[in-house]
Amino acid sequence: MVTLHTYVLRELLKTFGLALAALTVLFTMGGGLYNIVRYEGVSAGDVFGFVPILIPIVVTLTMPMAALFATAMVYGRLAADNELLACRAAGINIHRLLLAAVLLSVFVAAFSLLFGSFIIPSFMQRIDSFTRSNIRDLVAQQLQQKGFVHRGREGEDRYTFTAEKVDYVSDAALRAKYFEVADGLHYLLVTNPTFLQLNRNGDLVRFAAARYVLCAFDTRVTPLEVTFHIRDGQDFEVGKRALTITDQETRITVPTPTPFRLTTTDLRLLLRWRRAPWESPRLADELQRFLIDVTRARFYEHCVVRLQAGEAVQLHDDYGQAYTLTAARAQAGRDSLTLTRGRVAVRGADGQPRLAYEAHRIDVSTLPLPDPLVELRLVQSPEQDVLEYDLRPGQPAAARRKETLNLDRLHIPPEVVQDAQRVTAAAVLDPDVDLPLDQALGDRRIGLQKSAQQLLRKIVGTINFRLSYCSSALVTLLMGAALGIIFRGSRALAAFGLALIPFFVVLILLVLGRQLTEDPHISPIGPFVTWGGLVLMLLADGMILRLGVRR
(Lines give C-alpha, C1' and ligand atoms only; values in the text may rest on other atoms or scores of the structure.)
Protein backbone atom coordinates (compact mmCIF):
# COMPACT_ATOMS: atom_id res chain seq x y z
CA MET A 1 0.00 0.00 0.00
CA VAL A 2 2.90 2.37 0.65
CA THR A 3 4.09 1.81 -2.91
CA LEU A 4 0.60 2.43 -4.31
CA HIS A 5 0.01 5.55 -2.22
CA THR A 6 3.41 6.92 -3.20
CA TYR A 7 2.73 6.23 -6.86
CA VAL A 8 -0.70 7.92 -6.83
CA LEU A 9 0.53 10.88 -4.78
CA ARG A 10 3.51 11.38 -7.10
CA GLU A 11 1.29 11.44 -10.18
CA LEU A 12 -1.17 13.70 -8.41
CA LEU A 13 1.49 16.22 -7.36
CA LYS A 14 3.07 16.24 -10.82
CA THR A 15 -0.22 17.01 -12.54
CA PHE A 16 -1.17 19.47 -9.82
CA GLY A 17 2.12 21.36 -10.18
CA LEU A 18 1.82 21.61 -13.97
CA ALA A 19 -1.81 22.75 -13.79
CA LEU A 20 -1.02 25.30 -11.09
CA ALA A 21 1.92 26.69 -13.06
CA ALA A 22 -0.20 27.00 -16.22
CA LEU A 23 -3.08 28.74 -14.46
CA THR A 24 -0.71 31.04 -12.56
CA VAL A 25 1.04 32.18 -15.73
CA LEU A 26 -2.27 32.62 -17.53
CA PHE A 27 -3.91 34.74 -14.84
CA THR A 28 -0.75 36.66 -13.95
CA MET A 29 0.08 37.69 -17.51
CA GLY A 30 -3.47 38.01 -18.79
CA GLY A 31 -5.05 39.62 -15.75
CA GLY A 32 -2.78 41.26 -13.21
CA LEU A 33 0.03 42.59 -15.37
CA TYR A 34 -2.34 43.76 -18.09
CA ASN A 35 -4.17 45.98 -15.61
CA ILE A 36 -0.81 47.48 -14.60
CA VAL A 37 0.86 48.11 -17.97
CA ARG A 38 -2.21 49.81 -19.41
CA TYR A 39 -1.51 52.81 -17.15
CA GLU A 40 0.77 55.41 -18.61
CA GLY A 41 3.90 56.22 -16.65
CA VAL A 42 4.42 52.65 -15.41
CA SER A 43 7.98 51.59 -16.17
CA ALA A 44 9.35 48.14 -17.01
CA GLY A 45 10.95 48.05 -13.56
CA ASP A 46 7.53 48.55 -11.96
CA VAL A 47 6.09 45.69 -14.04
CA PHE A 48 8.87 43.26 -13.09
CA GLY A 49 8.63 44.41 -9.50
CA PHE A 50 4.97 43.48 -9.49
CA VAL A 51 5.52 39.86 -10.56
CA PRO A 52 6.69 38.63 -7.12
CA ILE A 53 3.64 40.32 -5.59
CA LEU A 54 1.09 38.99 -8.07
CA ILE A 55 2.30 35.37 -8.18
CA PRO A 56 1.41 34.48 -4.54
CA ILE A 57 -2.00 36.10 -4.97
CA VAL A 58 -2.75 34.20 -8.17
CA VAL A 59 -1.39 30.92 -6.76
CA THR A 60 -3.69 31.19 -3.76
CA LEU A 61 -6.73 31.87 -5.93
CA THR A 62 -6.06 29.18 -8.56
CA MET A 63 -4.77 26.40 -6.29
CA PRO A 64 -8.20 24.83 -5.50
CA MET A 65 -9.08 24.68 -9.21
CA ALA A 66 -5.68 23.24 -10.14
CA ALA A 67 -5.95 20.57 -7.43
CA LEU A 68 -9.46 19.65 -8.52
CA PHE A 69 -8.37 19.33 -12.15
CA ALA A 70 -5.35 17.20 -11.18
CA THR A 71 -7.48 14.89 -9.03
CA ALA A 72 -10.07 14.30 -11.76
CA MET A 73 -7.37 13.68 -14.38
CA VAL A 74 -5.12 11.35 -12.35
CA TYR A 75 -7.91 9.15 -11.01
CA GLY A 76 -9.60 9.21 -14.41
CA ARG A 77 -6.36 7.95 -16.00
CA LEU A 78 -6.02 5.24 -13.35
CA ALA A 79 -9.52 4.05 -14.25
CA ALA A 80 -8.97 4.37 -18.01
CA ASP A 81 -5.73 2.36 -17.87
CA ASN A 82 -7.45 -0.38 -15.81
CA GLU A 83 -4.98 0.14 -12.96
CA LEU A 84 -7.85 0.34 -10.52
CA LEU A 85 -9.21 -2.91 -11.97
CA ALA A 86 -5.85 -4.55 -11.29
CA CYS A 87 -5.96 -3.30 -7.72
CA ARG A 88 -9.40 -4.79 -7.25
CA ALA A 89 -8.17 -8.10 -8.64
CA ALA A 90 -5.37 -8.03 -6.07
CA GLY A 91 -7.95 -7.57 -3.30
CA ILE A 92 -7.16 -3.91 -2.59
CA ASN A 93 -9.96 -1.60 -1.50
CA ILE A 94 -10.11 1.18 -4.12
CA HIS A 95 -11.38 3.69 -1.59
CA ARG A 96 -8.05 3.40 0.23
CA LEU A 97 -6.32 4.83 -2.85
CA LEU A 98 -8.16 8.12 -2.24
CA LEU A 99 -5.74 8.87 0.60
CA ALA A 100 -3.53 10.89 -1.78
CA ALA A 101 -6.53 13.06 -2.75
CA VAL A 102 -7.38 13.59 0.93
CA LEU A 103 -3.79 14.63 1.71
CA LEU A 104 -3.76 17.05 -1.23
CA SER A 105 -7.10 18.54 -0.16
CA VAL A 106 -5.80 19.12 3.39
CA PHE A 107 -2.68 20.81 2.01
CA VAL A 108 -4.69 23.05 -0.34
CA ALA A 109 -7.15 24.00 2.41
CA ALA A 110 -4.37 24.85 4.88
CA PHE A 111 -2.37 26.79 2.29
CA SER A 112 -5.40 28.77 1.13
CA LEU A 113 -6.37 29.61 4.72
CA LEU A 114 -2.86 30.69 5.72
CA PHE A 115 -2.02 32.72 2.63
CA GLY A 116 -5.49 34.01 1.80
CA SER A 117 -6.27 35.21 5.31
CA PHE A 118 -2.93 36.31 6.74
CA ILE A 119 -0.30 36.82 4.02
CA ILE A 120 -2.07 37.92 0.84
CA PRO A 121 -3.57 41.05 2.52
CA SER A 122 -0.03 42.38 3.01
CA PHE A 123 0.64 41.90 -0.71
CA MET A 124 -2.55 43.78 -1.52
CA GLN A 125 -1.36 46.62 0.69
CA ARG A 126 1.84 46.75 -1.35
CA ILE A 127 -0.27 47.12 -4.48
CA ASP A 128 -2.15 49.98 -2.82
CA SER A 129 1.21 51.53 -1.95
CA PHE A 130 2.17 51.32 -5.61
CA THR A 131 -1.08 53.10 -6.52
CA ARG A 132 -0.35 55.81 -3.94
CA SER A 133 3.18 56.35 -5.25
CA ASN A 134 1.92 56.59 -8.84
CA ILE A 135 -1.24 58.59 -8.14
CA ARG A 136 0.06 61.53 -10.18
CA ASP A 137 0.49 59.38 -13.31
CA LEU A 138 -2.91 57.75 -12.84
CA VAL A 139 -4.63 61.13 -12.41
CA ALA A 140 -2.78 62.52 -15.44
CA GLN A 141 -3.92 59.60 -17.56
CA GLN A 142 -7.54 59.96 -16.43
CA LEU A 143 -7.51 63.71 -17.15
CA GLN A 144 -6.03 63.09 -20.59
CA GLN A 145 -8.54 60.36 -21.46
CA LYS A 146 -11.74 61.56 -19.76
CA GLY A 147 -11.01 65.19 -18.98
CA PHE A 148 -12.14 64.92 -15.35
CA VAL A 149 -11.50 63.15 -12.06
CA HIS A 150 -14.30 62.48 -9.58
CA ARG A 151 -13.80 61.39 -5.99
CA GLY A 152 -16.25 60.71 -3.19
CA ARG A 153 -19.52 58.85 -2.79
CA GLU A 154 -22.91 59.39 -1.26
CA GLY A 155 -22.74 60.41 2.38
CA GLU A 156 -19.35 62.15 2.20
CA ASP A 157 -17.73 65.16 0.58
CA ARG A 158 -17.43 64.88 -3.22
CA TYR A 159 -14.85 66.53 -5.45
CA THR A 160 -14.80 66.97 -9.24
CA PHE A 161 -11.68 68.21 -11.02
CA THR A 162 -11.54 68.95 -14.77
CA ALA A 163 -8.65 70.02 -16.99
CA GLU A 164 -7.90 70.98 -20.56
CA LYS A 165 -4.24 69.91 -20.53
CA VAL A 166 -1.73 68.34 -18.13
CA ASP A 167 2.08 68.54 -18.07
CA TYR A 168 4.83 67.21 -15.85
CA VAL A 169 7.20 69.62 -14.09
CA SER A 170 10.91 69.03 -13.58
CA ASP A 171 12.53 69.22 -10.16
CA ALA A 172 14.78 72.05 -11.35
CA ALA A 173 11.78 74.18 -12.33
CA LEU A 174 10.12 73.46 -8.98
CA ARG A 175 13.22 74.47 -7.03
CA ALA A 176 13.47 77.67 -9.07
CA LYS A 177 9.96 78.59 -7.85
CA TYR A 178 10.81 77.58 -4.25
CA PHE A 179 8.52 74.55 -4.16
CA GLU A 180 9.42 71.65 -1.90
CA VAL A 181 10.99 68.71 -3.72
CA ALA A 182 11.15 65.40 -1.84
CA ASP A 183 10.48 61.68 -2.17
CA GLY A 184 6.75 61.02 -2.02
CA LEU A 185 5.87 64.52 -3.26
CA HIS A 186 4.78 64.66 -6.93
CA TYR A 187 3.64 67.64 -9.01
CA LEU A 188 1.42 68.04 -12.06
CA LEU A 189 0.79 71.29 -13.98
CA VAL A 190 -2.81 71.64 -15.20
CA THR A 191 -4.08 74.14 -17.77
CA ASN A 192 -7.60 75.66 -17.52
CA PRO A 193 -8.79 73.56 -14.59
CA THR A 194 -12.00 73.76 -12.57
CA PHE A 195 -12.59 72.45 -9.06
CA LEU A 196 -16.00 71.71 -7.54
CA GLN A 197 -16.63 70.57 -3.96
CA LEU A 198 -19.99 69.38 -2.61
CA ASN A 199 -20.66 68.42 1.00
CA ARG A 200 -22.23 65.15 2.06
CA ASN A 201 -25.71 66.70 1.66
CA GLY A 202 -25.03 67.61 -1.98
CA ASP A 203 -24.74 71.35 -1.29
CA LEU A 204 -22.09 73.47 -3.00
CA VAL A 205 -19.14 74.23 -0.72
CA ARG A 206 -16.43 75.54 -3.01
CA PHE A 207 -15.80 76.30 -6.67
CA ALA A 208 -12.53 77.41 -8.23
CA ALA A 209 -11.31 78.00 -11.78
CA ALA A 210 -7.94 79.19 -13.00
CA ARG A 211 -5.64 79.53 -15.95
CA TYR A 212 -2.98 77.33 -14.37
CA VAL A 213 -2.91 75.08 -11.30
CA LEU A 214 0.02 73.17 -9.89
CA CYS A 215 -1.24 69.99 -8.21
CA ALA A 216 0.92 68.58 -5.41
CA PHE A 217 0.32 64.92 -4.49
CA ASP A 218 1.72 64.25 -1.02
CA THR A 219 1.95 60.47 -0.52
CA ARG A 220 3.95 60.85 2.70
CA VAL A 221 0.82 61.36 4.81
CA THR A 222 -2.26 59.24 5.40
CA PRO A 223 -4.75 59.85 3.96
CA LEU A 224 -3.02 61.04 0.81
CA GLU A 225 -3.45 64.79 0.26
CA VAL A 226 -3.77 66.69 -3.00
CA THR A 227 -3.00 70.43 -2.79
CA PHE A 228 -3.87 72.89 -5.57
CA HIS A 229 -1.62 75.93 -5.99
CA ILE A 230 -3.80 78.35 -7.98
CA ARG A 231 -2.70 81.32 -10.08
CA ASP A 232 -4.77 83.64 -12.27
CA GLY A 233 -8.14 82.36 -11.20
CA GLN A 234 -11.23 82.71 -9.06
CA ASP A 235 -11.83 80.92 -5.78
CA PHE A 236 -15.41 81.03 -4.51
CA GLU A 237 -16.26 79.55 -1.09
CA VAL A 238 -19.88 79.58 0.06
CA GLY A 239 -20.43 82.09 2.85
CA LYS A 240 -17.29 84.07 2.03
CA ARG A 241 -16.36 86.65 -0.53
CA ALA A 242 -15.10 85.37 -3.89
CA LEU A 243 -11.32 85.61 -4.07
CA THR A 244 -9.61 86.76 -7.26
CA ILE A 245 -6.16 85.21 -7.50
CA THR A 246 -3.57 87.03 -9.64
CA ASP A 247 0.01 87.12 -8.43
CA GLN A 248 -0.42 85.37 -5.11
CA GLU A 249 -1.21 81.69 -4.53
CA THR A 250 -3.98 79.96 -2.63
CA ARG A 251 -4.18 76.36 -1.52
CA ILE A 252 -7.04 73.87 -1.56
CA THR A 253 -6.26 70.56 0.16
CA VAL A 254 -8.29 67.44 -0.65
CA PRO A 255 -7.72 64.35 1.55
CA THR A 256 -7.75 61.16 -0.51
CA PRO A 257 -8.15 58.04 1.66
CA THR A 258 -7.12 54.60 0.42
CA PRO A 259 -10.10 52.49 -0.74
CA PHE A 260 -11.35 50.09 1.91
CA ARG A 261 -12.00 46.48 0.85
CA LEU A 262 -13.14 43.69 3.15
CA THR A 263 -12.08 41.01 0.67
CA THR A 264 -8.40 41.93 1.07
CA THR A 265 -8.43 42.44 4.84
CA ASP A 266 -6.54 40.25 7.28
CA LEU A 267 -8.75 37.66 8.98
CA ARG A 268 -7.62 38.85 12.41
CA LEU A 269 -8.84 42.36 11.61
CA LEU A 270 -12.16 41.01 10.37
CA LEU A 271 -12.68 39.12 13.61
CA ARG A 272 -11.71 42.24 15.57
CA TRP A 273 -14.11 44.46 13.61
CA ARG A 274 -16.85 41.90 14.11
CA ARG A 275 -16.53 42.48 17.87
CA ALA A 276 -15.91 46.25 17.58
CA PRO A 277 -17.36 47.55 14.27
CA TRP A 278 -16.66 51.17 15.25
CA GLU A 279 -12.93 50.49 14.69
CA SER A 280 -13.48 49.65 11.03
CA PRO A 281 -12.14 52.32 8.63
CA ARG A 282 -15.48 52.34 6.84
CA LEU A 283 -17.24 53.53 10.01
CA ALA A 284 -14.42 55.23 11.92
CA ASP A 285 -14.39 58.37 9.76
CA GLU A 286 -18.18 58.76 9.82
CA LEU A 287 -18.26 58.20 13.57
CA GLN A 288 -15.48 60.76 14.04
CA ARG A 289 -17.48 63.35 12.09
CA PHE A 290 -20.58 62.46 14.10
CA LEU A 291 -18.77 62.88 17.41
CA ILE A 292 -17.40 66.23 16.20
CA ASP A 293 -20.94 67.29 15.34
CA VAL A 294 -22.06 66.16 18.80
CA THR A 295 -19.36 68.37 20.31
CA ARG A 296 -20.49 71.22 18.06
CA ALA A 297 -24.14 70.78 19.08
CA ARG A 298 -23.21 70.67 22.77
CA PHE A 299 -21.16 73.84 22.30
CA TYR A 300 -24.02 75.68 20.59
CA GLU A 301 -26.40 74.51 23.30
CA HIS A 302 -23.93 75.68 25.97
CA CYS A 303 -23.71 79.11 24.33
CA VAL A 304 -27.48 79.51 23.94
CA VAL A 305 -28.18 78.54 27.57
CA ARG A 306 -25.56 80.89 29.01
CA LEU A 307 -26.32 83.85 26.74
CA GLN A 308 -30.07 83.63 27.25
CA ALA A 309 -29.44 83.58 31.00
CA GLY A 310 -27.47 86.82 30.66
CA GLU A 311 -24.11 85.14 31.28
CA ALA A 312 -20.97 85.34 29.14
CA VAL A 313 -19.23 82.59 27.17
CA GLN A 314 -15.49 82.28 27.71
CA LEU A 315 -13.23 81.10 24.87
CA HIS A 316 -9.44 80.91 24.58
CA ASP A 317 -7.05 80.81 21.63
CA ASP A 318 -3.68 79.12 21.07
CA TYR A 319 -1.84 82.03 22.72
CA GLY A 320 -3.80 81.98 25.97
CA GLN A 321 -5.90 85.06 25.15
CA ALA A 322 -9.43 85.05 26.60
CA TYR A 323 -12.48 86.00 24.53
CA THR A 324 -15.60 86.98 26.50
CA LEU A 325 -18.67 86.66 24.31
CA THR A 326 -22.02 88.30 25.18
CA ALA A 327 -25.17 88.87 23.12
CA ALA A 328 -28.76 90.00 23.45
CA ARG A 329 -30.08 86.98 21.58
CA ALA A 330 -28.72 83.61 20.42
CA GLN A 331 -30.24 81.25 17.86
CA ALA A 332 -28.70 77.90 16.91
CA GLY A 333 -28.89 76.87 13.26
CA ARG A 334 -27.91 73.72 11.40
CA ASP A 335 -24.19 74.42 11.08
CA SER A 336 -23.70 77.68 13.00
CA LEU A 337 -24.89 79.86 15.84
CA THR A 338 -26.22 83.37 15.15
CA LEU A 339 -25.85 86.06 17.81
CA THR A 340 -27.73 89.36 17.71
CA ARG A 341 -26.17 92.57 19.12
CA GLY A 342 -23.08 90.72 20.20
CA ARG A 343 -19.89 91.87 21.85
CA VAL A 344 -16.48 90.22 22.10
CA ALA A 345 -13.97 91.38 24.72
CA VAL A 346 -10.38 90.17 24.32
CA ARG A 347 -7.95 89.89 27.23
CA GLY A 348 -4.29 89.00 26.86
CA ALA A 349 -2.57 86.04 28.47
CA ASP A 350 -1.70 88.38 31.36
CA GLY A 351 -5.38 89.14 31.98
CA GLN A 352 -5.20 92.76 30.79
CA PRO A 353 -7.91 94.12 28.42
CA ARG A 354 -6.71 94.41 24.82
CA LEU A 355 -9.52 94.76 22.30
CA ALA A 356 -13.31 94.73 22.08
CA TYR A 357 -15.60 94.19 19.14
CA GLU A 358 -19.27 94.93 18.63
CA ALA A 359 -21.52 93.82 15.78
CA HIS A 360 -25.23 93.57 15.17
CA ARG A 361 -24.71 89.97 14.00
CA ILE A 362 -22.04 87.45 14.93
CA ASP A 363 -21.89 84.02 13.27
CA VAL A 364 -20.29 81.36 15.47
CA SER A 365 -19.11 78.24 13.64
CA THR A 366 -16.72 75.35 14.24
CA LEU A 367 -14.13 73.91 11.90
CA PRO A 368 -14.43 70.12 11.33
CA LEU A 369 -11.00 69.21 12.68
CA PRO A 370 -10.07 66.36 15.03
CA ASP A 371 -9.98 69.06 17.73
CA PRO A 372 -12.85 71.38 16.66
CA LEU A 373 -11.94 75.06 16.66
CA VAL A 374 -14.35 77.98 16.89
CA GLU A 375 -14.54 80.83 14.40
CA LEU A 376 -16.34 84.10 15.13
CA ARG A 377 -17.44 86.06 12.06
CA LEU A 378 -18.60 89.57 12.83
CA VAL A 379 -20.83 90.71 9.95
CA GLN A 380 -21.68 94.22 8.83
CA SER A 381 -25.43 94.93 8.72
CA PRO A 382 -27.60 97.90 7.69
CA GLU A 383 -28.10 98.65 11.38
CA GLN A 384 -24.47 98.76 12.38
CA ASP A 385 -20.91 98.41 11.14
CA VAL A 386 -18.45 96.16 12.91
CA LEU A 387 -16.83 98.29 15.63
CA GLU A 388 -13.36 97.68 17.03
CA TYR A 389 -12.17 99.27 20.30
CA ASP A 390 -8.57 99.31 21.49
CA LEU A 391 -8.71 98.98 25.28
CA ARG A 392 -4.98 99.19 25.91
CA PRO A 393 -3.76 102.20 27.91
CA GLY A 394 -2.88 105.22 25.85
CA GLN A 395 -4.87 104.15 22.77
CA PRO A 396 -7.69 106.27 21.22
CA ALA A 397 -11.12 105.53 22.63
CA ALA A 398 -12.86 106.05 19.28
CA ALA A 399 -14.11 102.94 17.53
CA ARG A 400 -12.73 101.79 14.17
CA ARG A 401 -15.36 100.72 11.70
CA LYS A 402 -14.98 97.54 9.66
CA GLU A 403 -17.15 95.66 7.17
CA THR A 404 -16.49 92.12 8.40
CA LEU A 405 -14.04 90.59 10.83
CA ASN A 406 -13.04 86.97 11.50
CA LEU A 407 -11.68 85.74 14.82
CA ASP A 408 -10.57 82.13 14.43
CA ARG A 409 -8.61 79.31 16.12
CA LEU A 410 -10.59 79.61 19.34
CA HIS A 411 -11.03 76.50 21.48
CA ILE A 412 -14.29 75.04 22.70
CA PRO A 413 -14.59 75.30 26.52
CA PRO A 414 -13.10 72.24 28.27
CA GLU A 415 -16.32 71.49 30.17
CA VAL A 416 -18.19 71.19 26.87
CA VAL A 417 -15.52 68.89 25.43
CA GLN A 418 -15.61 66.66 28.52
CA ASP A 419 -19.40 66.45 28.36
CA ALA A 420 -19.29 65.54 24.65
CA GLN A 421 -16.60 62.89 25.20
CA ARG A 422 -19.06 60.87 27.24
CA VAL A 423 -20.69 60.01 23.95
CA THR A 424 -18.43 57.22 22.67
CA ALA A 425 -18.44 55.45 19.32
CA ALA A 426 -19.55 52.21 20.97
CA ALA A 427 -22.49 54.00 22.63
CA VAL A 428 -23.52 55.59 19.33
CA LEU A 429 -23.81 52.18 17.65
CA ASP A 430 -25.56 50.51 20.60
CA PRO A 431 -29.34 50.95 20.21
CA ASP A 432 -29.87 50.11 23.90
CA VAL A 433 -27.90 53.19 25.04
CA ASP A 434 -30.02 56.31 25.38
CA LEU A 435 -28.20 59.47 24.29
CA PRO A 436 -29.59 63.01 24.62
CA LEU A 437 -29.44 64.09 20.97
CA ASP A 438 -31.53 66.46 18.91
CA GLN A 439 -33.67 65.30 15.99
CA ALA A 440 -30.99 65.74 13.31
CA LEU A 441 -28.27 63.95 15.27
CA GLY A 442 -30.74 61.26 16.31
CA ASP A 443 -31.57 60.55 12.68
CA ARG A 444 -27.87 60.43 11.81
CA ARG A 445 -27.29 58.03 14.69
CA ILE A 446 -29.97 55.71 13.31
CA GLY A 447 -28.24 55.88 9.93
CA LEU A 448 -24.90 55.01 11.52
CA GLN A 449 -26.46 52.07 13.32
CA LYS A 450 -27.89 50.79 10.05
CA SER A 451 -24.49 51.22 8.39
CA ALA A 452 -22.86 49.31 11.26
CA GLN A 453 -25.38 46.50 10.95
CA GLN A 454 -24.81 46.35 7.21
CA LEU A 455 -21.05 46.31 7.74
CA LEU A 456 -21.37 43.54 10.31
CA ARG A 457 -23.38 41.45 7.85
CA LYS A 458 -20.70 41.99 5.21
CA ILE A 459 -17.94 41.09 7.66
CA VAL A 460 -19.75 37.91 8.70
CA GLY A 461 -20.40 37.05 5.06
CA THR A 462 -16.76 37.67 4.14
CA ILE A 463 -15.45 35.55 7.04
CA ASN A 464 -17.77 32.64 6.23
CA PHE A 465 -17.05 32.87 2.50
CA ARG A 466 -13.28 32.91 3.05
CA LEU A 467 -13.26 30.02 5.52
CA SER A 468 -15.71 27.95 3.49
CA TYR A 469 -13.78 28.55 0.26
CA CYS A 470 -10.64 27.24 1.94
CA SER A 471 -12.55 24.25 3.37
CA SER A 472 -14.24 23.46 0.06
CA ALA A 473 -11.12 21.65 -1.16
CA LEU A 474 -11.81 18.96 1.47
CA VAL A 475 -15.04 17.96 -0.28
CA THR A 476 -14.57 18.95 -3.93
CA LEU A 477 -11.39 16.93 -4.45
CA LEU A 478 -13.13 13.75 -3.34
CA MET A 479 -15.96 14.56 -5.75
CA GLY A 480 -13.46 15.16 -8.56
CA ALA A 481 -11.70 11.85 -7.89
CA ALA A 482 -15.01 9.97 -7.83
CA LEU A 483 -16.22 11.57 -11.08
CA GLY A 484 -12.84 10.89 -12.73
CA ILE A 485 -13.10 7.21 -11.81
CA ILE A 486 -16.72 6.87 -12.93
CA PHE A 487 -16.33 8.66 -16.30
CA ARG A 488 -12.67 7.59 -16.89
CA GLY A 489 -11.64 11.20 -17.51
CA SER A 490 -8.06 10.51 -18.55
CA ARG A 491 -7.89 13.31 -21.10
CA ALA A 492 -7.26 16.90 -20.10
CA LEU A 493 -10.48 18.27 -21.61
CA ALA A 494 -12.60 15.58 -20.00
CA ALA A 495 -10.89 16.09 -16.63
CA PHE A 496 -11.40 19.84 -16.89
CA GLY A 497 -15.10 19.38 -17.58
CA LEU A 498 -15.50 16.96 -14.69
CA ALA A 499 -13.64 19.32 -12.36
CA LEU A 500 -15.97 22.18 -13.24
CA ILE A 501 -19.01 20.32 -11.89
CA PRO A 502 -18.12 20.29 -8.14
CA PHE A 503 -16.21 23.56 -8.39
CA PHE A 504 -19.13 25.60 -9.72
CA VAL A 505 -21.68 23.87 -7.51
CA VAL A 506 -19.71 24.78 -4.41
CA LEU A 507 -18.89 28.28 -5.70
CA ILE A 508 -22.56 29.02 -6.40
CA LEU A 509 -23.51 27.83 -2.91
CA LEU A 510 -20.82 29.98 -1.29
CA VAL A 511 -21.77 33.10 -3.27
CA LEU A 512 -25.44 32.51 -2.51
CA GLY A 513 -24.65 32.10 1.18
CA ARG A 514 -22.70 35.36 1.26
CA GLN A 515 -25.48 37.24 -0.53
CA LEU A 516 -28.06 35.88 1.90
CA THR A 517 -25.85 36.85 4.84
CA GLU A 518 -25.67 40.44 3.56
CA ASP A 519 -29.45 40.60 3.07
CA PRO A 520 -30.95 42.32 6.14
CA HIS A 521 -34.18 40.31 5.97
CA ILE A 522 -32.76 36.78 5.84
CA SER A 523 -29.24 37.31 7.15
CA PRO A 524 -29.22 34.37 9.65
CA ILE A 525 -29.92 31.92 6.81
CA GLY A 526 -26.71 32.77 4.95
CA PRO A 527 -24.20 30.84 7.11
CA PHE A 528 -26.49 27.79 7.09
CA VAL A 529 -26.56 27.85 3.30
CA THR A 530 -22.77 28.26 3.15
CA TRP A 531 -21.80 25.47 5.51
CA GLY A 532 -24.89 23.37 4.85
CA GLY A 533 -23.91 23.30 1.16
CA LEU A 534 -20.49 21.90 2.06
CA VAL A 535 -22.10 19.28 4.30
CA LEU A 536 -24.45 18.26 1.48
CA MET A 537 -21.49 18.04 -0.88
CA LEU A 538 -19.71 15.78 1.61
CA LEU A 539 -22.79 13.54 1.81
CA ALA A 540 -22.91 13.47 -1.98
CA ASP A 541 -19.25 12.38 -1.99
CA GLY A 542 -20.06 9.49 0.30
CA MET A 543 -23.07 8.46 -1.79
CA ILE A 544 -21.17 8.57 -5.10
CA LEU A 545 -18.21 6.69 -3.68
CA ARG A 546 -20.49 4.03 -2.21
CA LEU A 547 -22.80 3.56 -5.19
CA GLY A 548 -20.66 4.63 -8.14
CA VAL A 549 -17.16 3.48 -7.23
CA ARG A 550 -16.88 -0.20 -6.47
CA ARG A 551 -14.42 -1.08 -3.80
Side-chain angles (χ1 to χ4, degrees), residues 32 50 52-61 63-64 108-133 135 152-153 155-156 219-224 255-291 370 424-431 447-473 510-511 513-520 523-524 526-527 530-531:
F50 253 92
I53 301 176
L54 288 175
I55 286 179
I57 299 175
V58 176
V59 166
T60 304
L61 295 177
M63 182 176 286
V108 171
F111 185 92
S112 300
L113 178 62
L114 176 63
F115 271 71
S117 298
F118 302 103
I119 299 178
I120 295 303
S122 64
F123 287 96
M124 299 300 297
Q125 292 174 3
R126 293 177 61 181
I127 294 178
D128 289 337
S129 298
F130 170 83
T131 304
R132 283 173 57 90
S133 62
I135 186 67
R153 56 184 180 177
E156 62 184 26
T219 62
R220 300 169 298 180
V221 297
T222 301
L224 181 148
T256 307
T258 303
F260 171 74
R261 294 184 293 269
L262 287 175
T263 54
T264 59
T265 302
D266 191 290
L267 181 60
R268 288 165 294 192
L269 282 177
L270 290 177
L271 294 174
R272 177 181 173 183
W273 293 341
R274 183 181 180 182
R275 297 189 300 269
W278 53 87
E279 297 181 1
S280 166
R282 185 170 293 181
L283 280 178
D285 293 340
E286 295 183 20
L287 284 170
Q288 180 65 26
R289 290 195 295 266
F290 180 81
L291 294 177
T424 62
V428 171
L429 299 183
D430 190 349
L448 286 171
Q449 291 174 350
K450 291 181 179 179
S451 298
Q453 293 170 1
Q454 181 182 7
L455 177 62
L456 278 176
R457 290 192 296 268
K458 289 185 177 181
I459 290 176
V460 172
T462 302
I463 293 174
N464 283 285
F465 180 85
R466 188 177 296 181
L467 295 179
S468 59
Y469 182 77
C470 298
S471 305
S472 64
L510 298 187
V511 172
R514 183 170 65 177
Q515 291 178 346
L516 294 177
T517 304
E518 296 177 0
D519 192 315
S523 179
T530 299
W531 296 102

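By convention here, the first residue in the shown sequence is residue 1.
Distance check, rounded to the nearest 0.5 Å: CG of Leu269 to CZ of Arg272 gives 6.5 Å. Here the straight-line distance linking atom CG of Asp266 with atom CD1 of Ile119 works out to 10.0 Å at 0.5 Å rounding.
Not one N or O on the side chain of Ser280 forms a donor-acceptor pair closer than 3.5 Å with the backbone of Pro277. In terms of modelled atom types and a separation under 3.5 Å, the side chain of Tyr469 and the main chain of Leu61 share a donor-acceptor contact. In this structure a side-chain-to-backbone donor-acceptor pair under 3.5 Å is missing from Asp430 to Ala426. Between the side chain of Gln449 and the main chain of Val428, a donor-acceptor pair closer than 3.5 Å is present.
Under the 4.5 Å side-chain criterion, counting only non-hydrogen atoms from C-beta, Trp531 is in contact with Ser471. Within the 4.5 Å cutoff, the side chain of Ser523 has no heavy atoms near those of the Leu516 side chain. Arg457 places a side-chain heavy atom less than 4.5 Å from the side chain of Pro520.
Residues that satisfy the side-chain hydrogen bond (donor to acceptor under 3.5 Å, both in side chains) test with Asp519, not counting sequence neighbours, are absent from this structure. For Arg274, the salt bridge (Lys or Arg N to Asp or Glu O under 4.0 Å) criterion is met by no residue, not counting sequence neighbours. In this view, Phe290 satisfies the ring-ring contact (aromatic ring centres under 6.0 Å, His included) rule with no residue, not counting sequence neighbours.
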Determine whether Thr530 and Leu467 satisfy the following criterion, side chain to side chain contact (heavy atoms under 4.5 Å, CB included), listing intermediate values before the conclusion.
CA-CA 10 Å; Thr530 299; Leu467 295 179; over 6 Å; no
Please step through side chain to side chain contact (heavy atoms under 4.5 Å, CB included) for the pair Val511 and Phe465, ending with a clear verdict.
CA-CA 7 Å; Val511 172; Phe465 180 85; 4.1 Å; yes
